[in-house]
Amino acid sequence: MKAHNVVIVGGGSIRNPELMAMLASQKEKFPIKRLVLYDIEADRQEIVGKYGEILMREYYPELETFLYTTDPAVAFEGVDFALVQIRAGKITMREKDEKIPLKHGCVGQETCGAGGFAYGLRSVPAIIELVKTIRKYSPEAWILNYSNPAAIVAEATKRVFPGDHRILNICDMPIAIMDRYGELMGCTRLDFEPRYFGLNHFGWFTHVYDKKTGVDLAPAIKEKLLSGHTFGKGNEEHVMEQSWLETYNFMARMLRDYPEYLPNTYLKYYLYPDHVVETSDPNYTRANEIMDGKEKKVYSMLNEVIKLGKIKGTPYELGSERNVHASYIVELAISILNNENNIFLIIVKNNGIIPNIDPDMMVEVACRVGSNGAEALAMEPVGTFYKGMMENQYAYEKLTVDGLFEKDKTKLLQALALNRTVVDTDTAKKILDDLIEANVDFWGSEFTTVKND
Ligand code: G6P
Ligand code: MN
């Protein structure tokens, strides 16, 4: 099989060690010739890059080239796959995205509500510039994009790169949820074929088919969830932390109130905002948890490995741990290059997939993915509750992008007032002003005036 050229964008991300390990473990199915890490910050990337050199030397000797760079010409020339996971503003801005809304009594979350809104206004310009640069050097590259807030990013990439079917915006949340279903059913997520609809971080599973028999296991999964099953700590990243466990356990509560479909965990923020705010600590959010936990752990591992100059024979030896974030993007690349047409949940333009929903809406639905890209499976019309939820949320997403592109503060205010986690205009105005101040290095000072047209 042809060996491919791959670039990981956001090379300095603490998620990269796992992604690189995953690529090394999948070398038979996804052979790589040249692997490049690209980041705009050399210092931040260097430590991950040095670790990567050791990892590749020991676990991927077949790789012809491994390097890390901040030079787009080096990174993007002749690329087959760009795996993108950037965080504009890094974790320090995530902390602000979470804390500013909470200060005003609203949900503080990195991708949902006012926090996701602020992140979107930073992320979109960065992604657009990045995609333009990648396209300049590699017009045909597959761009598999995890960057958040994916719903807003997808709305923007649809507008700026219409018809570019090699940009796939993806999310691992539904997949991580399917891992939990596997736990309930005594199998793995790879035994399931999901049917799902919604917007990103805002959707529902309608069916969870058994891949072999075609039987819909959703009723059995619901029954297990409702029977009081509580998820315990597993050995995967997504179930090692208390806050994630609570998130998964909350699925049962949502299902009791809304029994029709299995909910995405993120619906918690939109359907139970009061509960979320009451149980949040405005002085210690998820960003703090990550800075004190995973970030420290990963950096100390990287430093230790670099000091030792090896991984094999050390406590950091790569094992068989499965990381959902890393495995999903690699599975997707494999389905594309082998034209496997496996089912993935991708954020695509609706275009009639859901007949009673705006054709322009960027929906997250089940798609077959092969060498011609993502082909969505048609759905039945959705019920009034879901339609109403999605239309409201999509209007918020559109206005966020409109406000950004048109530099229109009134549209940004409208966006926040539409968001279910904000709603009140006076609150929206206060949050918006605080966010504008906190994001001045990213947004500039263009949002200080209000247009009235
Ligand atoms: C899930 C979501 C991602 C999100 C991540 C946050 O994987 O799909 O979009 O970025 O959770 O996880 P963290 O551990 O950083 O809070
Ligand atoms: Mn996601």
Side-chain angles (χ1 to χ4, degrees), residues 10 12-19 22 83-95 97-99 107-113 115-120 122-123 127 144-155 168-180 189 194 196 198-203 205 233-234 236-248 250-251 263-270 276 280-281 284-298 322-329 331-332 344-347 362-365 393 397:
S13 163
I14 58 167
R15 291 182 163 231
N16 265 345
E18 289 149 348
L19 181 54
M22 182 60 60
L83 313 181
V84 181
Q85 42 181 10
I86 64 167
R87 182 182 285 285
K90 296 184 286 189
I91 192 110
T92 46
M93 288 309 293
R94 174 174 180 174
E95 184 183 13
D97 293 344
E98 291 167 350
K99 288 185 178 172
V107 168
Q109 212 281 328
E110 64 153 349
T111 63
C112 302
F117 161 89
Y119 186 11
R122 293 194 304 276
S123 211
I127 295 280
L144 311 185
N145 182 34
Y146 261 138
S147 308
N148 268 326
I152 291 167
V153 167
E155 173 64 17
L168 296 183
N169 291 301
I170 55 167
C171 169
D172 62 354
M173 193 69 245
I175 305 309
I177 294 170
M178 278 164 59
D179 273 336
R180 304 288 81 71
R189 72 176 162 84
Y196 180 98
L199 296 146
N200 177 245
H201 289 188
F202 197 97
F205 289 90
K233 295 197 183 210
E236 279 172 52
E237 185 200 334
H238 253 287
V239 271
M240 282 198 300
E241 292 171 288
Q242 193 54 35
S243 52
W244 271 112
L245 280 181
E246 281 165 22
T247 297
Y248 289 119
F250 200 83
M251 292 193 295
N264 188 305
T265 47
Y266 280 101
L267 287 167
K268 170 174 90 168
Y269 299 105
Y270 298 101
V276 169
S280 299
D281 179 348
Y284 195 85
T285 58
R286 178 69 189 147
N288 300 110
E289 236 174 71
I290 290 171
M291 286 187 264
D292 293 342
K294 178 160 183 179
E295 197 171 75
K296 284 213 170 95
K297 211 173 119 199
V298 172
R322 283 187 60 78
N323 172 283
V324 64
H325 186 83
S327 42
Y328 190 56
I329 199 165
E331 285 161 21
L332 181 64
F344 292 85
L345 304 179
I346 313 273
I347 305 160
M362 292 305 280
V363 292
E364 190 168 318
V365 288
Q393 177 73 358
E397 289 166 3

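All ligand and atom numbering here is 1-based and tracks the order in the structure.
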[atom2] on [Y] to [atom1] on [X], rounded to 0.5 Å:
X	Y	atom1	atom2	value
Glu110	Asp97	CD	CG	8.5 Å
Glu18	Asn16	CD	CG	9.0 Å
Glu155	Asn169	CD	CG	11.0 Å
Lys296	Ile14	NZ	CD1	12.0 Å
Asn264	Leu199	CG	CG	11.0 Å
Glu331	Asp172	CD	CG	11.0 Å

Distance-minimising heavy-atom pair for Thr265 and Ile177: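 Where Thr265 meets Ile177 most closely, the heavy atoms are N-CD1, 3.6 Å.
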Find all atoms of ligand 1 within a distance of less than 4.0 Å from any non-hydrogen atom belonging to [X], and give their numbers and elements.
X	result
Met173	1 (C), 8 (O)
Asn148	3 (C), 4 (C), 9 (O), 10 (O)
Arg94	13 (P), 15 (O), 16 (O)
Glu110	4 (C), 5 (C), 6 (C), 10 (O)
Arg286	13 (P), 14 (O), 16 (O)

Answer yes or no for [X]: is there a heavy-atom contact with ligand 1 below 4.0 Å?
X	result
His325	no
Glu241	no
Gln85	no
Cys171	yes

Ligand 1-proximal atoms of Thr111, by part, heavy-atom distance under 4.0 Å: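 Neither part.
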Part of His201 within contact of ligand 1 (heavy atoms, under 4.0 Å):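 The answer is the side chain.
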Where the side chain of Ser147 meets the backbone of Ile86, is there a donor-acceptor pair that is under 3.5 Å apart?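 Side chain of Ser147 to backbone of Ile86, a donor-acceptor pair under 3.5 Å: yes, one is there.
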Salt bridge check: are Glu241 and Arg286 linked by an N-O gap of less than 4.0 Å?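 So Glu241 pairs with Arg286 through a salt bridge.
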Just to verify, what does Thr111 make a side-chain hydrogen bond (donor to acceptor under 3.5 Å, both in side chains) with, not counting sequence neighbours?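 Thr111: side-chain hydrogen bond (donor to acceptor under 3.5 Å, both in side chains) contacts with Gln109, His201.
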Could you label the plane-to-plane angle of the His325 and Tyr146 rings as parallel, tilted or perpendicular, counting under 30° as parallel and over 60° as perpendicular?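 Geometry flag for Tyr146 against His325: parallel rings.
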Tyr119, Tyr266, Tyr328, Tyr146: member with heavy atom nearest to atom 11 (O) of ligand 1: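 The option holding the nearest heavy atom is Tyr266.
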Which protein atoms of type N, O or S are found under 2.8 Å from the Mn ion (ligand 2)?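 Atoms qualifying: Cys171 SG, His201 NE2.
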